[in-house]
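Report on one structure; see the data block that follows.
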Number of protein chains: 2
Amino acid sequence: MTKPATSAERPARSPRHVRGPAPTLHDVAREAGVSLATASRVLNGSERKVAESFRERVESAAGKLGYTANVSAQSIAKGTSPVIALLVADIADPYFGQIASGVARGADEEGLVVTIAITERDQAREARIVRALRGQRPRGLILAASRTQEATEAETAHELAEFVRQGGRVVAFGPDGEGERHIEIDNRSGAEALGRLMAERGYRRAIVLGAADGVRTSDDRLVGFRASFEQAGGVVESVHRGDFRRESGAAGMRAALDRGVEAGTLVFAISDVVALGAMSAIRDAGREIGTDIAVCGFDDVPASSDVSPALTTVRVPLSDVGYQAFRATVDVEWVQAPLPLEVIVRASTPMVGS
Amino acid sequence: MTKPATSAERPARSPRHVRGPAPTLHDVAREAGVSLATASRVLNGSERKVAESFRERVESAAGKLGYTANVSAQSIAKGTSPVIALLVADIADPYFGQIASGVARGADEEGLVVTIAITERDQAREARIVRALRGQRPRGLILAASRTQEATEAETAHELAEFVRQGGRVVAFGPDGEGERHIEIDNRSGAEALGRLMAERGYRRAIVLGAADGVRTSDDRLVGFRASFEQAGGVVESVHRGDFRRESGAAGMRAALDRGVEAGTLVFAISDVVALGAMSAIRDAGREIGTDIAVCGFDDVPASSDVSPALTTVRVPLSDVGYQAFRATVDVEWVQAPLPLEVIVRASTPMVGS
DNA sequence: GTGAAAGCGCTAACAG
DNA sequence: CTGTTAGCGCTTTCAC
């Protein structure tokens, strides 16, 4: 039976130095001697329409109290929250790190908050997380994690559909799906260009370190590479399956080395991180990277230019990709801006015979 | 003059396939034919006390409607929000990426959400961001960005103080401050161990690539290194100032090379990322890393073991650091767990004379 | 056990 | 322009 607490009854705010709950708009209004509405208008509302004298009093009261609007309260009152949720497999992976930084840049421009969640490449986890994120009623959900299947796992797909049905927007990486926006990276063409160039440099034998069969990104890169490389007279001798992690590259490479790798062979790793793992395995086996066993990757993460020999790769503008994903999440009209891929030839793939 | 919308008046939820606002607890309750309170109890409340039959009806209704509790509403009703805010300078930097992943791991364990913001190493931005984050009423605020000054900038400090006064907890990296919890990395000892080991390996001349004077992390590392290195008879010939970025390392190294660097000199970079930049500059100058110019860094980011020659460094358990920071943010009783540093000697610093 | 109703902090009509 | 007031979606006494 508590009576509504009018400003008169509410205990006044404690002095500055005392620890206590965050001040509310109510507190500010009382302190300034104005109404809630007025205080709201000057502090948050859509500009104009408040006398200068009032405005000043409110602002000074707010400053004195250290007031900051409660975002949750605003969200529920306005019916929309300022958050964008980002789902990545592993934030410590440079691939996702770059993407995340692009997303953050965009969010910052629009004054939005980005919430981040890690799937650890676990499908069940992913579904749980999407569910939890839905609770935040984010404006958009960016699914950068799903380098996995072409079709996301059923449970996750269901959560996503529900989210979309309730007015959220989901942006995923990969080919077009229903009702969602997608960021397309032309992996296939990029890989084609790479395969062609490698053939031109004189390579004729290649082994590929790929992810599981059916993983879209990996498949596209593999298909593209193979197409142009074989067309130019090269041959892909074997494909080792794994995932996108460094360790997978090392393991795949070790397996290949065990079966024997002729000098002059080119190793095409599905991503730079995988290539880095492979390079390490090659070194550990006492082989030399470059003229002995050449290596190329895909993505152009920062580390690729630091290793030595530096890694030949296909540059994907990852940060822009993240930025684009963000835009897709908030813009009403949206068409994906071009995301040009570029082959970067470095020392890990010297001209054959030179 | 809108009358309170009773369940009877409220339009029933649209059919499943229609797009519309997210269903509310109200909707679920009506669908299940129970009261708001009951629905709340089974879906979110603290267990027990609801008849099995009711529970089932509510759960099925929730499932049917695709209901997910609105976190904002819960936050304001409960007076506490499930978020931890993380502030980093640059999420694409592997140093911060590792830390973030540790924070995310902890948050996940506790069912908390992590919100991430990027300062871009800009003090003014940092203050603005802290202010914005305060609005989320996060349980805790982790300041991983401030590798900058010993004392955070005034404006930021003020926002932080306000946050703490209002019951938030801030965890910063660095030496102890007032009322806040801090994560201490024993940079000084780590650097001492490194300097000692380098001297043992036969190095006698070193140049340092540091951050600005007054930047705590950098100063500690520099002081520690110099202490043991000089004690062992070595001499630090020069200190080039910059920041923690790769480019800073490259620039500092170029400057040093311009002034001339004798063979057998050891370059100690304040962080691995800086060391990576330096290595690149050394290569560009046509010098060799290792027996010609040796390089060592600090942090042991993943890329350090991938470069060749691999980088000698001091391993900081970055992910654990992030995890610890998270714990400090939520635990009532908290003492920092040990964060052992370990010197990792790799090929970039061969024994002198071998 | 279950339900009614009073808020949580804020916004947005709607009156003055 | 300024103040009143009815919610936003949910939790939580407090009765029944």
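Letters A, B, ... mirror the listed sequences (proteins, then strands); counts begin at 1. Since the model is a prediction, treat every value here as computed from it, not as a measurement. Heavy atoms only: backbone and side chains are in, while hydrogens, waters and symmetry mates are out.
Summarising the geometry, the separation between CG on A/L43 and P on D/dT2 is reported as 14 Å, rounded to the nearest angstrom. Summarising the geometry, the separation between CZ on B/R30 and P on D/dG9 is reported as 12 Å, rounded to the nearest angstrom. Straight-line distance from the CZ atom of A/R137 to the C1' atom of D/dG9: 9 Å, rounded to whole Å. Remark: P of C/dT2 and NZ of B/K49 are 11 Å apart, rounded to the nearest angstrom. A straight line from CG of B/D27 to P of D/dC8 spans 11 Å, rounded to a whole angstrom. Between the P atom of C/dT2 and the CD atom of B/E52 lies a distance of 10 Å, rounded to the nearest Å. Computed from coordinates, the B/L25 CG to C/dT2 P distance equals 16 Å when rounded to whole Å. Rounding to whole angstrom units, NE2 of residue B/H26 and C1' of D/dT11 are separated by 14 Å.
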Do any side-chain atoms of residues 32-40 of chain B form donor-acceptor pairs under 3.5 angstrom with protein atoms, and if so which ones, sequence neighbours left out?
{"unit_1": "B/S35", "atom_1": "OG", "unit_2": "B/A37", "atom_2": "N", "d": "3.4"}
{"unit_1": "B/S35", "atom_1": "OG", "unit_2": "B/T38", "atom_2": "N", "d": "3.2"}
{"unit_1": "B/S35", "atom_1": "OG", "unit_2": "B/T38", "atom_2": "OG1", "d": "3.2"}

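A/R57 meets the side-chain hydrogen bond (donor to acceptor under 3.5 Å, both in side chains) test with no other residue; sequence neighbours excluded. By the side-chain contact (heavy atoms from CB on, under 4.5 Å) test, A/E159 is found to be paired with A/V130, A/R131, A/R134, A/E155, residues two or more places apart in sequence or in another chain being considered. Applying the side-chain contact (heavy atoms from CB on, under 4.5 Å) rule to A/E109 yields the partners A/R105, A/Y323, A/R327; only residues at least two apart in sequence or on another chain are considered.
Scanning residues 73-80 of chain A for heavy-atom distances under 4.0 Å to DNA chain C yields A/A73, A/Q74, A/A77, A/K78.
In this structure, the side chains of B/P23 and A/Q166 come closer than 4.5 Å at one or more pairs of heavy atoms.
Close to C/dT11, at under 4.0 Å from its OP1 or OP2, lies a side-chain N or O of A/S40. Distances shown here put a side-chain N or O of A/N44 below 4.0 Å from the OP1 or OP2 atom of C/dT11.
Listed candidates were C/dG3, D/dG3, C/dC10. Nearest to the side chain of B/T38 is C/dG3. For A/A69, the listed nucleotide lying nearest its side chain is C/dC10; candidates were D/dG9, C/dT2, C/dC10. For B/T24, taking side-chain heavy atoms from C-beta onward, the closest of the listed nucleotides D/dT4, D/dG9, D/dT12 is D/dG9. Of the candidates C/dT11, D/dG9, C/dT2, C/dT2 carries the atom nearest the B/R41 side chain, counting heavy atoms from C-beta on.
Taking all atoms of both residues into account, the shortest heavy-atom contact from A/T24 to A/Y67 is C-CE1, 3.5 Å. Nearest heavy-atom pair, B/R55 versus B/V50, reported as atom, atom and distance to 0.1 Å: NH1-O, 3.7 Å.
A rotation axis mapping the C1' atoms of four pairs onto the next four is fitted at both ends of the helix from C/dG1-D/dC16 to C/dG16-D/dC1 over five pairs, and the angle between these axes is 40° to 10 degrees.
Within the 3.5 Å criterion, the main-chain N or O of B/A85 finds no donor-acceptor partner in the side chain of B/R139.
Each of B/A37 and A/Y67 has a nearest nucleotide on DNA chain C; the 5'-most of these lies closest to B/A37. Nearest-nucleotide positions on DNA chain C place B/F54 closer to the 5' end than the other of B/L36 and B/F54.
Side chains of A/T119 and A/D122: no donor on one and acceptor on the other come within 3.5 Å.
Each of A/I116, A/L141, A/V330 was evaluated against A/I84; a single residue qualifies, A/V330, per the side chain to side chain contact (heavy atoms under 4.5 Å, CB included) test.
The residue A/A51 sits close only to the backbone: its heavy atoms come under 4.0 Å of sugar-phosphate atoms, none of a base.
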